[in-house]
There are 2 protein chains.
Amino acid sequence: MEANLNEKAECTVIIRAAHDAMDVLNGKWKIPIIAVLCFSKKRYSELLNEIKGISGKMLSKELKDMELNLLLKRTVLSTQPITVQYELTEYGERLKVAIEQLAIWGTAYRKEISAK
Amino acid sequence: MEANLNEKAECTVIIRAAHDAMDVLNGKWKIPIIAVLCFSKKRYSELLNEIKGISGKMLSKELKDMELNLLLKRTVLSTQPITVQYELTEYGERLKVAIEQLAIWGTAYRKEISAK
DNA sequence: CTGTATCCACCTTGATACTG
DNA sequence: CAGTATCAAGGTGGATACAG
């Protein structure tokens, strides 16, 4: 019963915490964006090119969302014409571990499912 | 340049693999469902009670999705009235690691953001 | 108990054109 | 280059009633 209580408590905590995380990562594009930015900072147009299928509108929207959620930092460079750099914050960086685990699972899953 | 190629390749792989995973986990409720089932198999009504906010329709739909994706197994028990057990498959079990990482991140994020 | 059927409001996304 | 505005379409999720 002690074990049962602990299980229940732990379960509830995980559910809520995972939900918090997914709330911040909602939508189709946030994980791909973070995955790209895990390796280096990028400009808007670089992201647009490297994330296949995303539209400019969605990229803008997602980037704005993530900036508000403190996942990434936006920097306007005074080049001519101006360019904008996006990079992960510490919060964003720390998501890398979770995303890697998802990717590891996804890789194995795809492989085994397709071998069916 | 070699490093650059590797970075690019690894990045692409991670994006695709994470996308595969998120494809299977799409929607609002799959992660909570898996989190609950991580600890023990559950019946439909137990899931309905323990996952706060989910409707019966969505629970049915998500469970069906996940069964098709081989994430969980559905077993009809010949009780009176009949009950149905859901449990994770091996694929589903292996997602636990990734979800735990998400939860760890979510916990820290919530804590630090609220401390703002 | 374990679902399904229907209806509906909302949200997300995409295409396209446009701005500074 | 880095976005914004507008419109349209489809998907998502909730309420309710019903079925086996």
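Per chain, numbering begins at 1; letters A, B, ... match sequence-line order. Keep in mind that what you see is a predicted model, and the values were worked out from it rather than measured.
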Which protein N or O atoms sit under 3.5 Å from an N or O of nucleotides 3-10 of chain C?
unit_1, atom_1, unit_2, atom_2, d
dG3(C), OP1, R74(B), NE, 3.3
dG3(C), OP1, R74(B), NH2, 2.5
dG3(C), OP2, Y86(B), OH, 2.6
dT4(C), OP1, K64(B), NZ, 3.2

Starting at atom CG of L59(B), determine the distance to atom P of dT2(C), rounded to an integer number of angstrom. 10 Å

What residue pairs, at least two apart or across chains, pass salt bridge (charged side-chain N to carboxylate O under 4.0 Å, His left out) with a residue in residues 25-34 of chain A? K30(A)-E62(A), K30(A)-D65(A)

Any side chain to side chain donor-acceptor pair (under 3.5 Å) pairs touching residues 95-104 of chain B, not counting sequence neighbours? none

Counting distance only, does the side-chain N/O of N26(A) pair as donor-acceptor with the main-chain N or O of M22(A) below 3.5 Å? no

Quick one: which residue pairs count as a ring pair (Phe, Tyr, Trp, His ring centres under 6.0 Å) with a foot in residues 83-116 of chain A, not counting sequence neighbours? Y91(A)-Y109(B), W105(A)-Y109(A), Y109(A)-Y91(B)

Round to a whole Å and report the spacing from CD of E62(A) to P of dC11(C). 16 Å

Find the distance L47(A):CG to dA2(D):C1' and express it as a whole number of Å. 12 Å

Determine which pairs satisfy ring pair (Phe, Tyr, Trp, His ring centres under 6.0 Å) with at least one residue from residues 54-73 of chain B, sequence neighbours left out, and list them in order. none

Here the distance between atom P of dC1(C) and atom NZ of K42(B), to the nearest Å, is 15 Å

Tell me the ring pair (Phe, Tyr, Trp, His ring centres under 6.0 Å) pairs involving residues 27-61 of chain A, sequence neighbours left out? none

Rounding to an integer number of Å, can you tell me how far L77(B) CG sits from dC1(C) P? 14 Å

Which residue pairs pass the salt bridge (charged side-chain N to carboxylate O under 4.0 Å, His left out) test when at least one of the two sits in residues 69-86 of chain B, sequence neighbours left out? K73(B)-E87(B)

A quick test of your reading: do over 12 heavy atoms of other residues, nucleotides or ligands sit less than 6.0 Å from CZ of R16(A)? no

Any T83(A) side-chain N or O less than 4.0 Å from OP1/OP2 of dC1(D): no

For a quick test of reading the model: is some side-chain N or O of R43(A) closer than 4.0 Å to OP1 or OP2 of dA2(D)? yes

Euclidean distance, atom CE of residue M58(A) to atom P of dC7(D) [Å, nearest integer]: 19 Å

Under 4.0 Å from any atom of DNA chain D, heavy atoms only: list the residues of residues 14-30 of chain B that qualify, in numerical order. G27(B), K28(B), W29(B)

Quick one: salt bridge (charged side-chain N to carboxylate O under 4.0 Å, His left out) pairs with a partner in residues 43-54 of chain A, sequence neighbours left out? K42(A)-E50(A)

What is the distance, to the nearest angstrom, from the CD1 atom on I54(A) to the P atom on dA2(D)? 14 Å

So, OP1 or OP2 of dG13(D): does either fall under 4.0 Å of a side-chain N or O from S55(B)? no

